[in-house]
Structure formats: structure tokens, C-alpha cells
Amino acid sequence: MEFVRHSLVFLHLLGMGALIGALLLQFRSPEEVNKGWLHGAGLQLVTGIALMVLAPLTGAEYNHMKLGIKLLVVLAVLGLAFAFTAKKTNPRWLPPTLGGLVVLNVGLAVFWT
Ligand code: HEM
């Protein structure tokens with residue numbers, strides 16, 4: 001079961017990398033919201049929930065308050081990315097907001113034990 005948890009954490013960290021990649025790509029092509037936000041946030045949502053749900057089997061113990069807040073933050077990223085991908089517009093405040101929310105989740109993951 002440890003291998004399953006490690007594999008999910010591996011994908012979870014790649015998802016974080018994809019979100020940082022989306023932020024950098026956004027500065028290069030600012031016209032539209034790039035799809036990397038949706039892919040990265042989707043991967044974080046799926047792997048994060050899998051880690052949480054499988055915790056009784058993997059033997060991991062997590063802070064549920066922290067995970068609840070991370071869940072809300074990633075849903076905000078997904079909601080904003082979906083809304084503005086559909087509108088095909090990218091207001092100036094959107095990339096720093098999405099990037100800030102991602103960095104917030106990294107901070108919560110690392111500093112809140
Ligand atoms: C933008 C979204 C997210 C980012 C950037 C992110 C980032 C991270 C990072 C960097 C870690 C590793 C922390 C460490 O090992 O010290 C981590 C671990 C974890 N994350 Fe996330 N996360 C996100 C969303 C979520 C969501 C939505 C959930 C579930 C509700 C979640 C659940 C977890 C769990 C359970 C771990 C611990 C894995 C383990 O070591 O067993 N994450 N996250």
C-alpha cells in the first residue's frame with residue numbers, strides 16, 4: 001500500500017509542477033486562459049482525494065481541516081479556469097489570482113502539519 005501512496009504523491013507533485021507551468025505559459029501567451037490550469041488542478045483534485053480516501057488503507061494520518069481548505073482552494077482554481085476558458089477572456093487579475101491560490105495550497109501542504 002505504501003507504493004500506492006507514493007505513486008499518488010508522485011502524481012500529486014507532477015500536478016503541482018503542471019500548475020506552475022501553466023502560470024509561466026500564461027505570461028507568454030496572455031490572450032486566453034491556457035488549458036494547463038484545468039489539467040493541473042484536475043490532477044490535484046483527483047490525486048488529493050484519492051490520497052485522502054485511501055488513508056485508512058495506506059496507514060496515513062492527515063489533518064482534515066487542512067485538506068478541506070486545500071479542496072476549497074483547488075475548486076476555486078478549477079471554477080475560475082473553467083469560467084474564463086469558456087468566456088475566452090483573460091482579465092489582468094486572473095493569472096496572479098490563480099497562481100496565488102496554487103502557492104497558497106503549496107504553503108498549506110508544507111507548513112500546516
Ligand atoms: C493546487 C492544489 C494543490 C497543491 C499545489 C498541492 C500541493 C501538495 C504538496 C506540495 C504536497 C506535499 C507536501 C509534503 O509532502 O510535505 C501535498 C501533499 C498532500 N496533498 Fe496536496 N495539493 C493540492 C491539492 C490537494 C487537494 C485538493 C487534496 C485533497 C483534498 C490534497 C491532499 C493532499 C494529501 C493527502 C497530501 C499528503 C500526501 C502524503 O504525503 O501522504 N492536495 N500537496
Side-chain angles (χ1 to χ4, degrees):
M1 262 326 203
E2 192 68 353
F3 177 73
V4 173
R5 188 175 72 83
H6 284 159
S7 304
L8 288 169
V9 173
F10 175 76
L11 293 173
H12 201 64
L13 294 178
L14 288 181
M16 175 179 67
L19 286 165
I20 300 299
L23 179 62
L24 298 178
L25 185 62
Q26 201 61 71
F27 292 127
R28 277 189 66 146
S29 350
E31 308 79 38
E32 282 185 14
V33 181
N34 73 68
K35 294 244 169 26
W37 294 109
L38 292 176
H39 298 152
L43 186 57
Q44 292 309 81
L45 183 68
V46 171
T47 53
I49 288 180
L51 281 163
M52 198 170 70
V53 170
L54 293 177
L57 299 177
T58 60
E61 283 184 15
Y62 299 126
N63 177 336
H64 289 104
M65 175 77 90
K66 171 172 96 170
L67 295 188
I69 295 174
K70 283 181 76 182
L71 187 59
L72 291 178
V73 170
V74 93
L75 288 176
V77 172
L78 270 175
L80 286 169
F82 259 121
F84 286 95
T85 304
K87 279 190 181 175
K88 294 195 189 313
T89 55
N90 178 24
R92 278 178 71 90
W93 56 266
L94 189 61
T97 304
L98 292 174
L101 288 170
V102 170
V103 172
L104 172 64
N105 258 4
V106 178
L108 289 174
V110 173
F111 291 109
W112 190 359
T113 49

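Atoms within each ligand, like the ligands themselves, are counted from 1 in listed order.
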Interatomic spacing from CG in Asn105 to NZ in Lys66 - rounded to 0.5 Å: 10.0 Å
Residues that, via side-chain heavy atoms closer than 4.5 angstrom, fall in one hydrophobic cluster with Phe10: Leu11, Leu14
Tyr62 OH: over 12 foreign heavy atoms closer than 6.0 Å: yes
Protein heavy-atom partner closest to atom 40 (O) of ligand 1 - residue, atom, separation in Å: Arg5 NH1, 3.2 Å
Straight-line distance of Asn63 CG to Thr113 OG1, nearest 0.5 Å: 7.5 Å
Thr58, portion touching ligand 1 at heavy-atom distance under 4.0 Å: neither
Under-2.8 Å neighbours of atom 21 (Fe) of ligand 1, protein N/O/S atoms only: 2
Side-chain heavy atoms of Leu51 within contact of Val9, under 4.5 Å: yes
For Leu19, atoms of ligand 1 separated by under 4.0 Å from a heavy atom: 1 (C)
For residues 68-90, dump all side-chain donor-acceptor pairs below 3.5 Å to protein atoms at least two apart in sequence or in another chain.
unit_1	atom_1	unit_2	atom_2	d
Thr85	OG1	Ala81	O	2.4
Asn90	ND2	Pro30	O	2.8

Per-atom contact, atom 29 (C) of ligand 1, protein heavy atoms, under 4.0 angstrom: yes
pair Leu45-Ile49: side-chain heavy atoms closer than 4.5 Å: yes
Ligand-residue contact atoms, ligand 1 with Val74, heavy atoms, under 4.0 Å: 1 (C), 2 (C), 27 (C)
Sub-4.0 Å protein heavy atom next to atom 15 (O) of ligand 1: no
Rounded distance (nearest 0.5 Å) linking atom OG1 of Thr58 with atom NE2 of His6: 9.5 Å
Residues, nucleotides or ligands: over 12 heavy atoms within 6.0 Å of Met1 CE: yes
Ligand-side contact atoms (ligand 1) for residue partner Val106, heavy atom cut-off under 4.0 Å: 5 (C)
Nearest-neighbour protein heavy atom for atom 12 (C) of ligand 1, which is reported as residue plus atom name and distance: Leu13 CD2, 4.1 Å
Pair listing, side chain to side chain donor-acceptor pair (under 3.5 Å) test, anchored in residues 27-47, at least two apart: His12-Thr47, Gln26-Asn34, Gln26-Trp37
Nearest-contact summary for atom 37 (C) of ligand 1 - protein heavy atom, Å: Tyr62 CE2, 3.5 Å
